[in-house]
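Here is the naming used below: chain letters follow the sequence lines, and residue numbers restart at 1 for every chain.
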Amino acid sequence: QSNVVIYGVVDTGYIKENGSDVRMGSNIDNRIGFRGTEDLGSGQKATFELERRFNLNDGTLARPDKDWDGAANVGLRGDNWGAVRLGRINELSTETLRTLDPFYQYGVGSMLLSSQRSARIDNTIRYDSPSWTGFKFGASYSLGENMKNLTGVPASITNPDTADPNLRLEATPANVKYYGADNDGYAVMLGYDNGPLTLLANWSRLADSKKSYVWNAGGAYAFGPARISLAYEQTHDKGWREGEFSVKSKQHNWLLGLEWLLGPGRLNASFNYGKVKDVAWSDTDHGDKDVKKYALGYTYDLSKRTSIYGIVAYSDYEDDQVAGFYRNEGLNNQGDPASYDRDSVTGVQIGITHRF
Amino acid sequence: QSNVVIYGVVDTGYIKENGSDVRMGSNIDNRIGFRGTEDLGSGQKATFELERRFNLNDGTLARPDKDWDGAANVGLRGDNWGAVRLGRINELSTETLRTLDPFYQYGVGSMLLSSQRSARIDNTIRYDSPSWTGFKFGASYSLGENMKNLTGVPASITNPDTADPNLRLEATPANVKYYGADNDGYAVMLGYDNGPLTLLANWSRLADSKKSYVWNAGGAYAFGPARISLAYEQTHDKGWREGEFSVKSKQHNWLLGLEWLLGPGRLNASFNYGKVKDVAWSDTDHGDKDVKKYALGYTYDLSKRTSIYGIVAYSDYEDDQVAGFYRNEGLNNQGDPASYDRDSVTGVQIGITHRF
Amino acid sequence: QSNVVIYGVVDTGYIKENGSDVRMGSNIDNRIGFRGTEDLGSGQKATFELERRFNLNDGTLARPDKDWDGAANVGLRGDNWGAVRLGRINELSTETLRTLDPFYQYGVGSMLLSSQRSARIDNTIRYDSPSWTGFKFGASYSLGENMKNLTGVPASITNPDTADPNLRLEATPANVKYYGADNDGYAVMLGYDNGPLTLLANWSRLADSKKSYVWNAGGAYAFGPARISLAYEQTHDKGWREGEFSVKSKQHNWLLGLEWLLGPGRLNASFNYGKVKDVAWSDTDHGDKDVKKYALGYTYDLSKRTSIYGIVAYSDYEDDQVAGFYRNEGLNNQGDPASYDRDSVTGVQIGITHRF
């Protein structure tokens with residue numbers, strides 16, 4: 001059928017981290033997509049994307065509630081004015097920043113993640129400019145959930161102003177509304193990409209996040225077979241994220257990356273440094289905590305579409321609490337960061353990636 | 001792959017109704033389908049259809065339990081005798097009646113819906129005749145759920161004959177069986193379509209509906225760029241619908257529609273009048289209640305496959321109870337029609353539709 | 001899109017068994033798949049398979065949690081060394097043994113099933129040898145669930161050694177771990193396929209099955225339009241299967257099958273004999289119980305891709321308990337085989353199969 005292109009990635013292999021059994025898992029997220037472009041004439045086009053995400057090791061959806069987790073949008077594109085899309089779309093901040101990570105935010109070598117970024121966002125309209133001699137601009141606006149019809153304060157609601165700031169309640173629309181987390185989201189991106197130099201900066205706010213926000217900036221420079229990248233990201237997490245409770249905190253993440261075309265593939269290496277501030281780790285412990293992460297990988301290309309890879313990463317957390325914070329196992333029922341059972345993690349991953 | 005055709009619709013935009021926040025939503029239901037036809041020789045063919053339905057704004061399935069909500073069937077077709085299909089198929093009554101609605105039963109401008117029609121039905125065998133100089137005939141038979149193995153009356157069952165007719169219990173197979181709602185479904189359609197004139201009539205009964213039924217009749221006449229349509233539908237709802245509780249009622253819906261090819265697109269307009277009878281709105285209020293709905297829309301074609309649209313609709317309900325009845329928010333836990341919070345609703349919708 | 005082949009089966013019809021209402025159901029499992037092969041040069045290839053399974057009669061997924069129930073894997077294949085695949089893959093034991101069943105383990109005529117075989121298995125690496133003058137070899141290894149992080153014995157755990165062997169608890173990872181059911185799975189297959197003769201043997205152990213295992217062996221011989229097959233399977237079920245409770249038992253199943261090319265289709269016939277041992281049917285009844293099953297079917301080909309079929313099967317169970325055991329309705333909450341309500345079942349099935 002000429003109107004639809006089918007594409008995808010299948011990737012799986014083995015991951016061993018200390019503290020866990022060997023498990024099967026992917027590096028690049030598994031997906032199958034259907035996309036198309038219709039020429040409307042005069043340089044105008046209509047576009048759509050539908051993309052599933054799933055786990056190859058057991059055939060389950062990546063997110064059980066998302067039929068098209070990877071993309072679900074329709075739009076118009078013009079050669080001279082750019083593109084507008086509506087629906088579920090890549091978040092600008094994540095889509096661009098991850099290009100500076102040699103591991104592209106995948107697998108055991110992934111950069112440290114801000115708690116206020118998301119890979120894709122719902123109910124969004126996004127604009128992307130064309131490239132003007134390398135300069136690009138992007139912006140998006142996302143609707144929060146419909147809270148208008150909610151009436152009456154639920155019995156579980158206590159005064160938002162006097163409530164324990166770490167109190168973690170069920171993420172119901174009523175809680176989102178009465179704790180003041182109901183907001184629309186938006187994002188702005190500036191980029192420059194010309195010859196060896198890449199520069200980018202983002203400011204973004206997720207929907208229903210109590211106006212939490214994140215900004216980041218970075219760049220990369222390529223010389224010969226190598227590319228070096230540097231990025232900084234600052235997160236202001238007010239305790240909500242897309243209608244779910246989060247950990248109230250301020251996060252600083254730094255990334256230094258290297259990609260090197262070496263032999264029949266690529267060597268990737270990165271150093272990440274993260275610092276988490278303003279968290280009530282306990283009644284008496286509100287101190288800053290940090291993590292250093294070192295990652296090294298090699299991808300061997302069997303063809304343009306198929307490769308095998310090996311990655312090793314070591315994360316040295318200041319203590320087990322900040323380990324839990326970054327490993328997404330960090331919240332107990334009361335919203336306090338829970339302790340993870342170790343303060344350093346070594347991960348080894350091997351596998352195969354095939355694109356179609 | 002020559003055996004499969006991939007097709008679909010992606011459609012989203014913005015909807016604002018008074019009483020709700022702005023939200024993203026579709027006009028024509030989003031879908032992707034796989035269908036094929038095999039030539040068996042002698043004018044005989046084998047056919048199949050598989051069609052997903054989903055929400056483009058957030059990538060979720062339209063109905064979480066239906067992988068192929070839109071269609072899942074296999075069949076045979078003969079040039080001289082018509083077609084038989086088995087599986088999940090369009091309900092004849094809805095498939096044909098909606099062609100008289102200028103808004104095709106989609107979006108804020110949709111015609112009023114009978115509580116005893118469904119867009120697609122399960123466990124169905126459907127026959128469609130070929131067209132005999134414009135005359136067509138269709139019939140379907142649908143199996144109800146398997147109740148035979150149920151033994152023993154659940155404790156929750158009270159005497160069906162003396163129970164409150166509006167009593168709303170959990171829609172379990174046992175309740176379906178012991179309240180007498182267990183029945184197979186069937187439908188018959190007669191149609192005539194020749195030159196400017198379209199005429200059609202349906203009689204149908206959903207499975208497990210306590211033998212509730214609906215009939216409708218209507219027609220359309222095209223002259224020059226315009227088509228005028230008129231339809232009437234009568235519903236006898238005995239309090240069940242496909243194994244779920246419904247509101248015991250009798251419904252009369254009228255539709256007057258206009259489609260007008262105007263400029264590079266189509267103007268659509270409709271007036272709907274609905275009257276609901278025999279409902280126990282409260283212990284003392286059993287009166288008839290009505291609604292008048294006015295809808296106006298324009299679809300601008302960017303190409304044969306891509307268009308943008310704007311629709312405005314105003315519904316004037318007799319009171320907030322009948323508003324809740326028609327807006328499908330009408331049932332509280334006891335089966336009484338719940339009150340909606342307003343007795344008129346204005347809806348405005350804009351968006352983009354792309355077919356592939 | 002040249003990289004992807006879309007294929008599938010749509011099949012539905014009517015099934016009537018005594019004790020149940022007529023229902024719609026399939027013979028060959030409904031599926032749609034996406035697969036591809038990339039030539040890497042030097043006789044090496046990359047491969048992938050993604051295959052959905054669903055119910056055609058109502059459009060639901062075959063297993064609600066499995067997006068790709070039929071297959072989800074990536075691999076490499078070499079002309080001279082065979083193939084390796086990783087992900088969710090056919091279990092060797094089922095894939096090969098079912099080729100000896102004239103009904104291919106589908107529909108009312110299916111062979112008797114071992115409680116320790118599965119059609120597809122997760123978290124698996126599988127090797128298939130090339131054919132060496134008809135001789136083939138296969139092996140697979142499957143990871144069990146990750147139990148390492150579980151700490152602390154749940155309150156519900158009683159001493160595994162002294163617990164009632166038939167005790168059936170919730171199938172939680174903690175129960176899997178503390179009742180000793182946590183194990184990796186593996187399988188070995190030997191086959192010979194040359195001219196009219198087929199021979200095969202399997203040994204396999206499912207993951208998280210308390211090291212339950214099954215082995216089987218069989219063969220087939222074709223002469224003229226007919227093929228006769230014979231198989232034997234022995235199952236040692238220790239009360240777990242893929243992390244779920246099962247019935248502790250030993251099972252012996254025999255199969256005698258006939259396929260006969262007759263007219264424009266195929267006649268299929270089989271006789272199955274099963275014996276279940278070492279089950280605590282009740283406090284006093286631990287005896288062996290058996291079943292005899294007779295099945296006869298005819299498949300009429302409308303084309304190479306489309307056929308209609310009719311099957312009749314009669315199962316004569318020793319009593320209603322062993323009927324429940326084989327009909328998968330056999331477990332009550334305490335792990336005791338529940339009684340089915342009849343000790344013989346006749347099933348009749350008609351339908352249509354279309355491949356695309």
Side-chain angles (χ1 to χ4, degrees), chain A residues 1-26 28 30-36 52-64 66-69 301-308 329 340-342 350-356, chain C residues 1-6 33-42 44-53 61-76 84-89 120-125 141-151 177 182 184 207 242:
Chain A
Q1 178 73 351
S2 62
N3 297 331
V4 183
V5 173
I6 305 177
Y7 67 95
V9 173
V10 282
D11 178 322
T12 197
Y14 292 92
I15 299 170
K16 176 72 181 88
E17 294 180 307
N18 48 347
S20 303
D21 287 344
V22 175
R23 66 177 191 275
M24 291 192 87
S26 63
I28 300 181
N30 285 285
R31 71 197 69 181
I32 184 169
F34 304 86
R35 67 183 168 212
R52 307 181 76 72
R53 295 291 179 101
F54 51 87
N55 302 306
L56 198 73
N57 61 312
D58 61 5
T60 55
L61 277 178
R63 287 182 50 175
K66 293 292 186 193
D67 198 46
W68 306 107
D69 182 30
D301 292 322
L302 299 172
S303 75
K304 282 194 181 172
R305 286 167 45 205
T306 305
S307 51
I308 54 177
E329 308 173 28
Y340 188 65
D341 63 351
R342 56 192 64 239
I350 57 167
I352 179 170
T353 307
H354 174 69
R355 289 172 175 81
F356 59 91
Chain C
Q1 178 73 350
S2 61
N3 297 331
V4 183
V5 174
I6 304 177
F34 304 86
R35 67 182 167 212
T37 302
E38 182 197 7
D39 195 332
L40 303 174
S42 310
Q44 310 301 309
K45 291 185 174 63
T47 65
F48 76 92
E49 295 178 292
L50 297 169
E51 186 179 296
R52 307 182 76 72
R53 295 289 180 102
L61 278 178
R63 287 182 50 177
D65 60 327
K66 293 291 188 196
D67 198 46
W68 306 108
D69 182 31
N73 57 67
V74 59
L76 297 172
V84 167
R85 285 176 287 169
L86 291 96
R88 181 167 172 82
I89 315 178
R120 277 83 56 187
I121 43 179
D122 292 332
N123 298 307
T124 294
I125 183 167
Y141 195 89
S142 304
L143 300 179
E145 292 295 314
N146 182 358
M147 308 290 174
K148 190 164 182 178
N149 276 321
L150 294 175
T151 53
K177 178 171 182 177
D182 175 20
D184 287 351
E242 299 183 294

Heavy-atom closest pair, residues [X] and [Y]:
| X | Y | answer |
| --- | --- | --- |
| C:Ala72 | A:Gly59 | CB-CA, 4.0 Å |
| C:Ala46 | A:Thr306 | CB-OG1, 3.5 Å |
| A:Leu302 | C:Leu40 | O-CD2, 4.1 Å |

Review point. Yes or no on side chain to side chain contact (heavy atoms under 4.5 Å, CB included) for A:Asn30 and C:Leu50, after CA distance, side-chain angles and deciding distance?
Key: CA-CA 11 Å; A:Asn30 285 285; C:Leu50 297 169; over 6 Å; no
Exercise for review: Tell me, for C:Arg63 versus chain A, whether the close heavy atoms (under 4.5 Å) come from the side chain, the backbone, both or neither.
Suggested key: neither
Review point. Contact part of C:Asn73 toward chain A, heavy-atom cut-off under 4.5 Å: side chain, backbone, both or neither?
Key: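 Contact with chain A is through the backbone of C:Asn73 alone.
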Practice item. Go through the atoms of A:Arg355 and report whether side chain, backbone, both or neither lie under 4.5 Å from a heavy atom of chain C. Key: neither
Exercise for review: Please indicate whether C:Glu145 has more than 12 foreign heavy atoms, meaning atoms of other residues, nucleotides or ligands, lying under 6.0 Å from its CD.
Suggested key: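 Atom CD in C:Glu145 is not packed in, count stays at 12 or less.
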Exercise for review: Count the heavy-atom pairs under 4.5 Å between each of A:Asp67, A:Val22, A:Ile32, A:Leu56 and chain C, then report the option with the highest count.
Suggested key: A:Leu56
Point to revise | By salt bridge (Lys or Arg N to Asp or Glu O under 4.0 Å) - contacts of C:Glu51 (at least two apart) | key: C:Arg31, C:Arg53
Review point. Salt bridge (Lys or Arg N to Asp or Glu O under 4.0 Å) with C:Asp69: which residues, sequence neighbours excluded?
Key: C:Arg88, C:Arg120
Review point. Can you check side chain to side chain contact (heavy atoms under 4.5 Å, CB included) on C:Asn3 and A:Arg305, steps first, answer last?
Key: CA-CA 11 Å; C:Asn3 297 331; A:Arg305 286 167 45 205; 3.1 Å; yes
Check your understanding: For chain A, which of C:Asp39, C:Asn123, C:Ile125, C:Ile89 has the most heavy-atom pairs under 4.5 Å?
Key -> C:Asn123
Practice item. For the pair A:Asn57 and C:Leu143, evaluate side chain to side chain contact (heavy atoms under 4.5 Å, CB included) and give the outcome as yes or no after the intermediate values. Key: CA-CA 10 Å; A:Asn57 61 312; C:Leu143 300 179; over 6 Å; no
Point to revise | Rounded distance (nearest 0.5 Å) linking atom CZ of C:Phe34 with atom CZ of A:Arg52 | key: 8.5 Å
Review point. Would you call the rings of C:Phe48 and A:His354 parallel, tilted or perpendicular, where under 30° means parallel and over 60° means perpendicular?
Key: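 The rings of C:Phe48 and A:His354 sit tilted, inter-plane angle from 30° to 60°.
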